[in-house]
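Report on one structure; see the data block that follows.
Since the structure is predicted, the reported quantities are computational estimates derived from the model, not experimental observations. Side chains included, hydrogens not; waters and symmetry mates left out as well; all remaining heavy atoms used. In the text below, chain A, chain B and the rest are named by the order of the sequence lines, each starting its count at 1.
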Amino acid sequence: MIDIAFAHRQGAFALDVRMQLPDSGVTGLFGTSGAGKSTVADVIAGLIRPEDGRIAIGETVLFDSTRGVAVAPERRRIGYVFQEARLFPHMNVRTNLRFGARRRGGAGPGAFDQVVDLLGLEPLLDRRTRHLSGGEAQRVAIGRALLSDPELLIMDEPLSSLDQQRRDDVLPHLERLAADTGIPMIYITHSIEEIIRLADHLAVMANGAVIACGPIQDVMARPDVPALNDRRDAGTLLQTTVAGHFDEDHLSALRFGEHTLLVPRTERAKGSPLALRILARDVSLALEPPQRSSVMNVLPGQVQGIHPRGDGHVDVSVDTGQIIRARITRRSADDLSLRVGLHLYALVKSVAFAERDAFRRHAEEDH
Amino acid sequence: MPTPAETEALLLSLRVAVWSVLGSLPPAIAIAWLLARTRFPGHALLNGLLHIPLVVPPVVIGYLLLVFLGRRGPGGVFLENVFGITLGFTWQGAAVASAIVAFPLMLRAIRQSIEAVDRRLEQAARTLGAGSANAFCTVTLPLIAPGVFAGMVLSFARSLGEFGATITFVSSIPGETRTLPLALYAATQVPGGEPQATRLVIISVALAMIALVGSEWLARRTRHYASGGP
């Protein structure tokens, strides 16, 4: 368990952060810019000393204001990948990569080659850092952090300074990293797409505080997290299993609970798990199953919560075994006389695959 | 060809300047780091004090040195008794005078280059297992090398040209403290010394030119290295 609790004041900005994160897998730390995410990263890494609090990774206490413990950053074994790569300009790629390894005794024999291989750094090794593209530099920075043999890897918006093409270049490496290394990771971002592709666990920050923290599916299903819900692409995650394929129709059937969903053909094998992202705006509600409709996916469920929004819309959480959210107009909600406990049907117009599954498959094939 | 006396003055000038630069380099780096990277009570005062040699006439510095570090000054007596070092009327004293006069120049150049180094690189080094001293030596120092070098060149040049503080503190003793500028001044003070003065002027200018060209070449190499050239 990674235990983070601290209070810190920076000028007029006050942080009061409390969260417990699992010590495996990827935790997304999500929030708009200015929410205090990078400060949290600096505090965990020891670059900022908070006024009080306690930070511990398992049994290792890194900071404890009541006991006067404050481990220096160089002794924390936290790999930190910054927003900008922060490569040392007077060293080539190889020397940069070895910087941490040399000081921490390295991540074990063969680690260098493994990391070079994992991140595709072989052709860059003898290059000077200023000749690297943004994406290449960021990959080197990730490798450098990994080779310092970290107990925890923090990535602070490693893709935000890159253009879309470079992101697509680095993201698959991050996905493999998450699956292959087994090092717990805190991934800071304000991109919901990156969270969905990478994170298993999600912590949401707003105004210097953690307002939600838990398994990603649970947090995504919460209606009361503005950072997640006040956006056009608000939605929930659905864990399903591939039940079969209909090749002539280019469709696949997915099962969750007693329900079957028809979705565009996926490459995944029958029986394998698949996470779906269903956007609230793609879900409509009906009191009776529609007759002769083009909507293929009609899921019976029960209203679990009704959350009025300021913009004339209402978010309705429907329990179909897993939570699906529908964003409908207030007038529609009134016409349907929605109330908690009402049985109805969620009509899912389209789904988005959470792309992380594409990589998980890739990672599984590697083993 | 220079006469033995001219060669003596030339070599003495070089020796004084080299020791002045080398001796002031470590404290200049340490104090520049302190001023650039930390805030403490008396920060502005220290900065001001260290800049005094830049704004007062060198003679004032020479006089103060004479009073405190001269053979009868409290500091001079202490150094003499404890370390057996005599600064008054010795070439070492000339080096100290040069170092103090040139110190602000070196300090400013190094401080500015430290301020220009991205602290975030030092932070990155810390998270990679380097202690603060190690991070300074392996990241900051190589990156400020051009600035350090510029500071050394400035202070070397200033030392070569030092006159007022030197003549006041250690006088103008041939073979001991009579550097090129002092020798030139001495030549102008004797009747018919003009040819001698002219020769010393030529030597001074030649030395300055060689030093300039050499430092320019070295500076380019240092910059190239620090910026990660191929």
Inset, instruction - Pick one of side chain, backbone, both or neither for A/Ile154, based on which atoms fall under 4.5 Å of a heavy atom in chain B. - result: neither
Legend entry - Non-hydrogen side-chain atoms of B/Thr138 and A/Phe88 separated by less than 4.5 Å: no
Legend entry - B/Asp118 versus chain A, the contacting section by heavy-atom distance below 4.5 Å: neither
Legend entry - Atom CZ of B/Arg108: over 12 foreign heavy atoms under 6.0 Å: no
Inset, instruction - Below 4.5 Å from any heavy atom of chain B, which atoms of A/Arg86 appear? Answer side chain, backbone, both or neither. - result: both
Legend entry - CZ-CZ distance between A/Arg103 and B/Arg126, expressed to the nearest 0.5 angstrom: 12.5 Å
Inset, instruction - Sort A/Arg144 into side chain, backbone, both or neither according to what part of it lies under 4.5 angstrom from a heavy atom of chain B. - result: both
Inset, instruction - Identify which part of B/Ala135 has an atom lying under 4.5 Å from any heavy atom of chain A, answering side chain, backbone, both or neither. - result: neither
Legend entry - CZ (A/Phe13) with more than 12 external heavy atoms under 6.0 Å: yes
Legend entry - B/Leu141 vs A/His90 side-chain heavy atoms within contact, under 4.5 Å: no
Legend entry - Reported CZ-to-CG distance for the pair A/Arg77 and B/Leu128, which is rounded to 0.5 angstrom: 13.0 Å
Legend entry - Heavy-atom pair of closest approach, residues B/Thr127 and A/Arg104: O-NH2, 3.2 Å
Inset, instruction - Calculate, to the nearest 0.5 Å, the distance between atoms CG and CD belonging to A/Leu47 and B/Glu122 respectively. - result: 11.5 Å
Inset, instruction - Under 4.5 Å, heavy atom to heavy atom: which of residues 30-42 of chain B reach chain A? Give them by number, or say none. - result: none
